[in-house]
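Below: one structure, written as structure tokens.
In the text below, chain A, chain B and the rest are named by the order of the sequence lines, each starting its count at 1.
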Number of protein chains: 2
Amino acid sequence: MDPAPHPLGPRALARQRTMARIVELGNTQLIEQGVAGLSVREIARGLGMVSSAIYRYVGSRDELLTLLIVDAFADLADSVDAAVSAAGTSEGGDPRARFLALGDAMCAWAIAHPERWTLLYGTPVRDYAAPADTTNADGTRVMQAVLHIAADAAEQGSIGRGAASGSEDLAPEVTSLLESHLAEFGVETAPATEFAALTAWSSLVGVISAHVFGQLGADAAAIGEHILRPQVRMLADLVAPR
Amino acid sequence: MDPAPHPLGPRALARQRTMARIVELGNTQLIEQGVAGLSVREIARGLGMVSSAIYRYVGSRDELLTLLIVDAFADLADSVDAAVSAAGTSEGGDPRARFLALGDAMCAWAIAHPERWTLLYGTPVRDYAAPADTTNADGTRVMQAVLHIAADAAEQGSIGRGAASGSEDLAPEVTSLLESHLAEFGVETAPATEFAALTAWSSLVGVISAHVFGQLGADAAAIGEHILRPQVRMLADLVAPR
DNA sequence: TCAAGTCAAGAGCACTGCTCTCGAAATGTG
DNA sequence: CACATTTCGAGAGCAGTGCTCTTGACTTGA
């Protein structure tokens with residue numbers, strides 16, 4: 001980011017440049033061959049070094065995956081944030097419009113980067129998955145954005161018209177977990193509102209994954225965008241009904 | 001299934017018994033090691049034969065996966081069907097109650113068989129995924145159940161109160177695809193209703209996957225069932241509001 | 001009885017992730 | 001400046017994978 005805060009020796013600089021090349025090569029490999037075809041050795045070849053040498057940088061295949069995951073999370077969150085703030089100042093603005101912008105941006109990103117989406121929301125890496133400390137920071141940004149939108153919508157009194165089904169009978173352990181999240185994220189709203197946000201977000205991911213993973217059949221995949229748009233509008237009712 | 005329709009020589013019988021053992025071994029392997037740890041060679045060892053011999057039966061690893069996928073789809077659909085019909089005759093009965101039964105059964109199955117759920121709704125097998133002809137039969141059963149419920153609910157006039165956001169502006173190509181589905185499944189209802197059913201189903205899958213894949217964090221995973229129950233009730237509003 | 005088929009075994013190829021050791025180069029320090 | 005330390009790439013190698021090909025024993029239907 002900044003060229004001269006700590007001098008940062010040329011050694012460390014070269015290192016972080018190879019690291020950058022690694023995620024770059026990893027991403028192209030991901031795009032071309034899918035997550036299953038991601039090979040540490042192949043990346044080493046791309047870097048022009050022998051297979052064993054790359055373990056100075058990544059340590060294990062799972063670590064490489066984690067690298068690509070945080071990269072993808074950040075990229076996704078960036079485009080979503082951009083779209084949301086374009087749909088109104090992040091504090092003000094119509095909550096529903098902001099949710100639609102968020103959902104549409106998510107769809108667009110997923111369609112543009114299906115393999116990366118798969119990496120994020122497909123089968124998790126067994127017993128590794130998300131070393132929470134590393135991924136959470138960027139991994140929860142979209143969810144937090146949904147939460148803010150839902151909170152604003154609730155404040156404007158648009159929640160509770162019927163979308164709140166189920167949130168009235170939350171178990172106490174759920175409520176307390178939600179409250180701890182709210183405190184952590186610094187959002188002041190009812191647990192039921194966060195619950196709606198959580199559900200809307202999970203549903204959004206599900207609807208998008210159904211498209212990216214081709215679960216609706218080949219015919220549906222061809223017109224995926226036309227299906228996703230109204231689905232996003234439907235899910236908007238969960239947090240910000242008209 | 002049946003012991004004496006066509007005589008079915010002892011040769012073919014032995015063959016289909018080994019096939020059964022293969023999916024049995026595959027499932028235990030799946031449960032214990034996850035989909036990534038599924039190995040053709042290991043199954044061969046379990047069968048007491050050398051690694052190359054098993055290729056007389058499966059042909060490729062992807063074929064083995066497909067075998068396990070159709071098995072899991074059938075199992076899931078069976079338990080869902082059982083739960084739904086227990087909640088009222090499949091034709092009559094309160095649609096909302098039936099949807100809740102369906103959703104809860106899906107959650108229960110997923111929690112009981114997380115690795116098999118992952119196989120069904122996690123990362124698809126690249127360029128193989130669902131050889132439609134083989135998987136579709138059982139793969140769409142749950143979706144069809146949701147569709148029937150939604151159709152019944154629509155007939156009783158409970159749809160359209162607000163849950164139908166988005167389904168009013170369906171693109172013509174989407175409408176025609178939905179109509180062809182309806183014809184194929186033999187269900188008579190409005191495309192908008194099927195659209196709601198489709199969205200509810202995808203959302204359900206998303207909400208469950210979020211839990212199974214641990215996307216909500218370790219704390220949430222511990223109390224997953226308490227989270228899923230109200231989420232199912234929330235999604236019920238999409239097809240059968242109270 | 002005899003040809004046709006089924007099936008398991010064995011050897012082997014190309015590939016993977018990963019570990020170890022070794023020598024060269026860059027690095028910071030007395 | 002010289003020296004000890006760390007960093008890094010190369011090479012060899014291990015255990016494992018999916019998959020193919022060939023060979024020989026066995027069962028089967030004509």
Crowded around B:E173 CD? As in, over 12 foreign heavy atoms under 6.0 Å? yes
Can you tell me how far P of D:dT28 sits from CG of B:L13, to the nearest Å? 12 Å
Any side-chain heavy-atom pair of A:T118 and A:L30 under 4.5 Å: no
Considering only heavy atoms from C-beta outward, does the side chain of A:M143 approach that of B:L216 to under 4.5 Å? no
Euclidean distance, atom CD of residue B:Q29 to atom C1' of D:dG18 [Å, nearest integer]: 13 Å
In whole angstrom, give the distance that lies between atom CZ of A:R61 and atom C1' of C:dC18. 13 Å
Taking C-beta and beyond as the side chain, do A:F99 and A:L204 meet within less than 4.5 Å on heavy atoms? yes
Check each residue of residues 37-45 of chain B for a non-hydrogen atom within less than 4.0 Å of any atom in DNA chain D, then write out the ones that pass by number, or none. B:L38, B:S39, B:V40, B:R41, B:R45
B:M19 atom CE is separated from C:dT6 atom C1', nearest whole Å, by 15 Å
Figure out the CG/P separation between B:L65 and D:dT17, and round it to whole Å. 15 Å
Please determine whether the number of non-hydrogen atoms from other residues, nucleotides or ligands lying under 6.0 Å from atom CZ of B:R229 exceeds 12. no
To the nearest Å, how far apart are A:Y55 OH and D:dG11 P? 17 Å
Atom pairs under 3.5 Å: protein N/O with N/O of nucleotides 8-10 of chain C:
residue: C:dA8; atom: OP1; partner: B:Y57; partner atom: OH; Å: 3.1
residue: C:dA8; atom: OP2; partner: B:Y57; partner atom: OH; Å: 3.3
residue: C:dA8; atom: N7; partner: B:R56; partner atom: NE; Å: 3.2
residue: C:dA8; atom: N6; partner: B:R56; partner atom: NH2; Å: 2.5
residue: C:dA9; atom: OP2; partner: B:V50; partner atom: N; Å: 2.8
residue: C:dA9; atom: N7; partner: B:S52; partner atom: OG; Å: 3.3
residue: C:dG10; atom: N7; partner: B:S52; partner atom: OG; Å: 3.4
residue: C:dG10; atom: O6; partner: B:S52; partner atom: OG; Å: 2.7

Measure from CD1 on A:I22 to P on D:dC8 and round the result to the nearest Å. 11 Å
So, do A:M106 and A:W201 sit near enough that their side-chain heavy atoms are less than 4.5 Å apart? yes
Less than 4.5 Å apart, any side-chain heavy atom of A:I43 and any of A:L38? yes
Check the distance between D:dT20's P and B:E63's CD and give it to me in whole angstrom. 11 Å
Option from A:L228, A:L102, A:V212, A:I227 for which side-chain contact (heavy atoms from CB on, under 4.5 Å) with A:C107 holds: A:L228
Given 3.5 Å as the limit, does a donor-acceptor pair link the side chain of A:H211 with the main chain of A:V207, or not? no
